[in-house]
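In what follows, a single structure is set out as structure tokens and then discussed.
Every number for a ligand or one of its atoms is a count from 1 in the order of the listing.
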Amino acid sequence: MSVSFDVVVATDSERGIGKDGRLPWRLAHDLRYFRELTTAVSKAGARNAVIMGRKTWESIPPGHRPLPDRVNVVVTRDPVYALPEQVLRAASFDQALEALQGLAVENCFVIGGGEIYRLALKHPRCRRLFVTEVASRFECDTFFPEYRGDFVLESSSEPKRDNGLQYSFKTYKRKGAF
Ligand SMILES: NC(=O)c1ccc[n+]([C@@H]2O[C@H](COP(=O)([O-])OP(=O)(O)OC[C@H]3O[C@@H](n4cnc5c(N)ncnc54)[C@H](OP(=O)(O)O)[C@@H]3O)[C@@H](O)[C@H]2O)c1
């Protein structure tokens with residue numbers, strides 16, 4: 001049985017998530033929320049893991065990667081793709097989950113991008129989605145898959161405002177789960 005995981009994403013009103021290899025918006029509060037959500041552990045000395053596609057890895061400014069205090073796993077078909085020593089390379093999404101099995105990570109988060117989200121949402125070990133829903137439309141070339149048929153809203157924050165944009169933090173759980 002492989003590791004269970006949650007998905008973390010920020011979408012615009014049309015499920016857009018990226019443009020030209022970057023985020024279409026800048027929301028400082030959301031970046032903080034992302035960092036706290038994916039880093040927080042309940043046991044001293046424990047660590048969480050983040051799984052991402054190779055293009056998302058490359059979208060993180062070199063000075064900010066690997067994401068600190070988390071096990072970073074990069075999914076790529078390139079068997080010689082160069083990564084820092086402490087970063088795990090996985091040849092498939094399932095191999096990323098398998099690589100974490102022996103490491104006893106506390107929580108595992110899938111953090112994008114579009115290709116990896118598509119694999120994650122179809123996976124039976126996907127438990128929950130943490131979605132920052134930005135209430136505006138942006139020009140995007142990368143999209144989050146349709147999820148409302150398979151996942152049901154569990155909680156929603158009050159609407160927030162940052163950088164002139166309104167957004168809220170929502171969690172969804174898989175229908176029929178728990
Ligand atoms: N809004 C958000 O929350 C959010 C979060 C993350 C990313 N993003 C945005 O999303 C965009 C990047 O997403 P993307 O869909 O273009 O790329 P991606 O999902 O980050 O990475 C795609 C890469 O993953 C590898 N891959 C995909 N499927 C695979 C498989 N089955 N087996 C092995 N490797 C596989 C391949 O790497 P190789 O080509 O090396 O083989 C592929 O090119 C950027 O604009 C980024 O800013 C947004």
Return a yes/no value for [X]: is any of its N or O atoms, backbone included, closer than 3.5 angstrom to an N or O of ligand 1?
X      : result
Ala90  : no
Thr56  : yes
Gly113 : yes
Ile17  : yes
Thr76  : yes
Ala10  : yes

Does a side-chain N-to-carboxylate-O contact under 4.0 Å join [X] and [Y]?
X      : Y      : value
Glu115 : Lys122 : no
Arg15  : Glu146 : yes
Arg127 : Asp6   : yes

Protein residue, atom and distance nearest to [atom], heavy-atom basis:
atom                    : answer
atom 6 (C) of ligand 1  : Ile111 O, 3.1 Å
atom 14 (P) of ligand 1 : Gly114 N, 3.7 Å
atom 37 (O) of ligand 1 : Arg54 CB, 3.6 Å
atom 30 (C) of ligand 1 : Arg77 NH2, 3.3 Å
atom 16 (O) of ligand 1 : Lys55 CD, 3.6 Å
atom 32 (N) of ligand 1 : Ala91 O, 3.4 Å
atom 42 (C) of ligand 1 : Glu115 OE1, 3.5 Å

Legend entry - Minimum non-hydrogen distance to atom 4 (C) of ligand 1, winning option of Leu23, Val74, Leu27, Leu119: Leu23
Inset, instruction - For Lys19, counting its heavy atoms only, list the atoms of ligand 1 lying under 4.0 Å from any of them. - result: 45 (O)
Legend entry - Interfacing atoms of ligand 1 (cut-off 4.0 Å, heavy-atom, Gly21): 44 (C), 45 (O), 47 (O)
Legend entry - Test item, Phe144 contacting ligand 1 (heavy atom, 4.0 angstrom): no
Inset, instruction - Answer yes or no for Arg22: is there a heavy-atom contact with ligand 1 below 4.0 Å? - result: yes
Is the distance from the ring center of [X] to that of [Y] below 6.0 Å?
X      : Y      : value
Tyr33  : Phe169 : yes
Phe5   : Phe93  : yes
Tyr172 : Tyr147 : yes

Looking only at heavy atoms, is any part of [X] under 4.0 Å from ligand 1, and if so is it the side chain, the backbone, or both, or is it neither?
X     : result
Val75 : both
Met52 : neither
Phe93 : neither

Hey, does the side chain of [X] reach the backbone of [Y] with a donor-acceptor pair shorter than 3.5 angstrom?
X      : Y      : result
Arg65  : Ile60  : yes
Arg128 : Val7   : no
Asn72  : Arg70  : yes
Gln166 : Lys160 : no
Ser13  : Ala135 : no

Legend entry - Trace of the salt bridge (Lys or Arg N to Asp or Glu O under 4.0 Å) decision for Glu133 with Arg148: CA-CA 13 Å; Glu133 289 182 9; Arg148 291 194 175 88; 3.2 Å; yes
